[in-house]
Amino acid sequence: MFPTALAATEIVRDVSTSLDMTIESPSLTKTAVAERATALLPEYREIIGSIPPEAGFGGIWESEMFLFYAAVKPFAPKQILESGRARGKSTLILARCFADARIISIEYDRQSENAAAAEAKLKSERNVELLYGDSRAILPERLQAGDAVLIDGPKDFRALKLALDLMRTGKPCAVFVHDFPPNSPQRKFVERNWPAAFFGDDPLFQRLQSLDNERDPRPNPQRRYGIFAYLPRPVALAYWQVRIRLFFAAW
């Protein structure tokens, strides 16, 4: 089934809108983030040391969250938007690492076992606001200038669409999207259309996985890393051009 002409027209009806083409801050190149990580590692270890390990439940590993922390901390965001909470491990790390920020975390299904586990885990975190519903509707309403964004649901091309729509506003200081394994369609799309993007499995960041060795008591664990993609601004093309490519790539 092919997209209709009307659907394609809906995508391009505002062709005058494009992403902010301001030169990206050099502090968010992968080399700069890797260098910053070395200095921040002792501080991060101390912060997460008070959080009980929770191995074997999936989610975003501590090493991946450290990458987000090292990239975003210099911006000192007043608010962080998290889409996809699961059991709340990443939310708790955000709350502790960014104690002066408001953490707005959105999960789709209020009835899941994970929802109850996350609420219990986060009930004492005063800087966390837990919401339920479709983040594609909620995030644009709550987004403010200077916010950092972490998307771990929706997935794949839906996640990219949400990220692109948020970036279009020019408000986020950083946008990270989870679950971009090598050779996946969504990763190939980013590699083609965000030439300055970087991924959490870059060799520069592999040493950070030592954090997970410390936090995972299982013998010979088989860990699955979701792999973060950092989406920088600007992209190589105007918003509407990337949006069209994204529309057709998702079919």
Side-chain angles (χ1 to χ4, degrees), residues 28 30 33-73 80-99 101 103 105-107 112-115 117-118 120-122 125 128 135 148-156 159 163 174-184 186-187 190 197-231:
L28 270 176
K30 64 181 181 182
V33 172
E35 292 175 351
R36 189 183 305 136
T38 300
L40 291 176
L41 185 55
E43 174 184 311
Y44 182 75
R45 274 199 174 103
E46 182 176 355
I47 293 171
I48 66 172
S50 62
I51 299 175
E54 193 172 5
F57 286 103
I60 303 177
W61 283 94
E62 282 83 350
S63 62
E64 297 177 292
M65 290 304 298
F66 180 47
L67 177 62
F68 181 89
Y69 177 64
V72 170
K73 185 181 178 180
I80 297 175
L81 302 179
E82 179 188 43
S83 176
R85 179 168 59 249
R87 295 177 63 86
K89 179 170 78 170
S90 58
T91 317
L92 183 57
I93 292 175
L94 290 174
R96 300 287 177 84
C97 286
F98 298 93
I103 313 299
S105 177
I106 303 162
E107 180 62 34
S112 73
E113 289 184 8
N114 285 341
K121 182 180 302 172
L122 297 163
E125 304 302 318
V128 174
S135 59
V149 179
L150 189 164
I151 300 174
D152 192 24
K155 300 293 186 181
D156 306 328
V175 177
F176 278 74
V177 189
H178 201 232
D179 289 322
F180 279 71
N183 299 315
S184 62
Q186 65 269 24
R187 177 154 173 169
V190 170
F198 62 75
F199 300 91
D201 58 353
D202 189 281
L204 283 172
F205 307 128
Q206 286 182 355
R207 62 187 175 85
L208 304 182
Q209 292 182 6
S210 62
L211 284 165
D212 307 320
N213 298 332
E214 301 165 9
R215 304 282 295 176
D216 190 346
R218 298 175 298 171
N220 303 314
Q222 297 298 311
R223 302 191 195 99
R224 178 185 176 275
Y225 287 92
I227 311 300
F228 264 129
Y230 163 65
L231 304 181

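In this view, Gln206 satisfies the side-chain hydrogen bond (donor to acceptor under 3.5 Å, both in side chains) rule with no residue, not counting sequence neighbours. Applying the side-chain hydrogen bond (donor to acceptor under 3.5 Å, both in side chains) rule to Arg207 yields the partners Thr38; only residues at least two apart in sequence or on another chain are considered. Looking at residues two or more places apart in sequence or on another chain, you find a salt bridge (Lys or Arg N to Asp or Glu O under 4.0 Å) between Lys155 and Asp152, Asp179. In this view, Leu41 and Arg45, Phe66, Leu211 satisfy the side chain to side chain contact (heavy atoms under 4.5 Å, CB included) rule, not counting sequence neighbours. Taking the side-chain hydrogen bond (donor to acceptor under 3.5 Å, both in side chains) definition, one finds that Ser105 meets it with Glu82, Arg85, sequence neighbours left out. Remark: Glu125 pairs with Leu92, Ala95, Arg96, Leu122, Asn127, Val128 by the side chain to side chain contact (heavy atoms under 4.5 Å, CB included) rule, at least two apart or across chains. Residues satisfying the side-chain hydrogen bond (donor to acceptor under 3.5 Å, both in side chains) test with Gln186, not counting sequence neighbours, are Asp156. Residues passing the salt bridge (Lys or Arg N to Asp or Glu O under 4.0 Å) test with Asp201, sequence neighbours excluded: Arg187. With sequence neighbours left out, the side chain to side chain contact (heavy atoms under 4.5 Å, CB included) criterion links Ala86 to Asn114. The ring-ring contact (aromatic ring centres under 6.0 Å, His included) test applied to Phe176 returns Phe68, Phe228, Tyr230, not counting sequence neighbours. Applying the salt bridge (Lys or Arg N to Asp or Glu O under 4.0 Å) rule to Glu107 yields no partners; only residues at least two apart in sequence or on another chain are considered. Every residue meeting the salt bridge (Lys or Arg N to Asp or Glu O under 4.0 Å) condition with Arg87, not counting sequence neighbours, appears here in chain and number order: Glu54.
A donor-acceptor contact shorter than 3.5 Å is absent between the side chain of Glu43 and the backbone of Leu40. Side-chain atoms of Tyr44 come within 3.5 Å of backbone atoms of Glu62 as a donor-acceptor pair (strictly under, hydrogens ignored). With Ser83 contributing its side chain and Gly153 its backbone, the two residues share a donor-acceptor pair below 3.5 Å.
Nearest heavy-atom pair, Phe180 versus Ala229, reported as atom, atom and distance to 0.1 Å: CG-CB, 3.8 Å. Nearest heavy atom pair, residue Val72 against residue Ala148, reads CG1-CB, 3.7 Å. Taking all atoms of both residues into account, the shortest heavy-atom contact from Pro42 to Ala39 is CD-O, 3.6 Å. Annotation for Pro221 and Asp216: closest pair CB-OD2, 3.4 Å, computed over non-hydrogen atoms. Phe198 and Leu28 make their closest contact through CE2-O, 3.3 Å (heavy atoms, listed as atom of the first residue, atom of the second, distance). Taking every heavy atom of both residues into account, Val177 and Ala159 meet most closely at CG1-CB, 3.6 Å.
Glu35 contributes atom CD, which lies 12.5 Å from atom NZ of Lys30 (distance to the nearest 0.5 angstrom). Here Ile151 contributes atom CD1 and Leu231 contributes atom CG; the two are 8.0 Å apart, rounded to the nearest 0.5 Å.
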Check the pair Ile51 / Lys89 against side chain to side chain contact (heavy atoms under 4.5 Å, CB included), numbers first and verdict last.
CA-CA 9 Å; Ile51 299 175; Lys89 179 170 78 170; 5.8 Å; no
Run the side chain to side chain contact (heavy atoms under 4.5 Å, CB included) check on Tyr69 and Phe98 step by step: do they pass?
CA-CA 9 Å; Tyr69 177 64; Phe98 298 93; 3.7 Å; yes
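Ion pairing between a basic and an acidic side chain is recognised when a charged N comes within 4.0 Å of a carboxylate O; Arg223 and Asp212 show no such pairing.
By the neighbour-count criterion of 12 heavy atoms within 6.0 Å, atom NZ of Lys121 is densely surrounded, having more than that number from other residues, nucleotides or ligands.
Ile93 has its side chain out of reach of Ile60: every pair of non-hydrogen atoms, C-beta onward, lies at least 4.5 Å apart.
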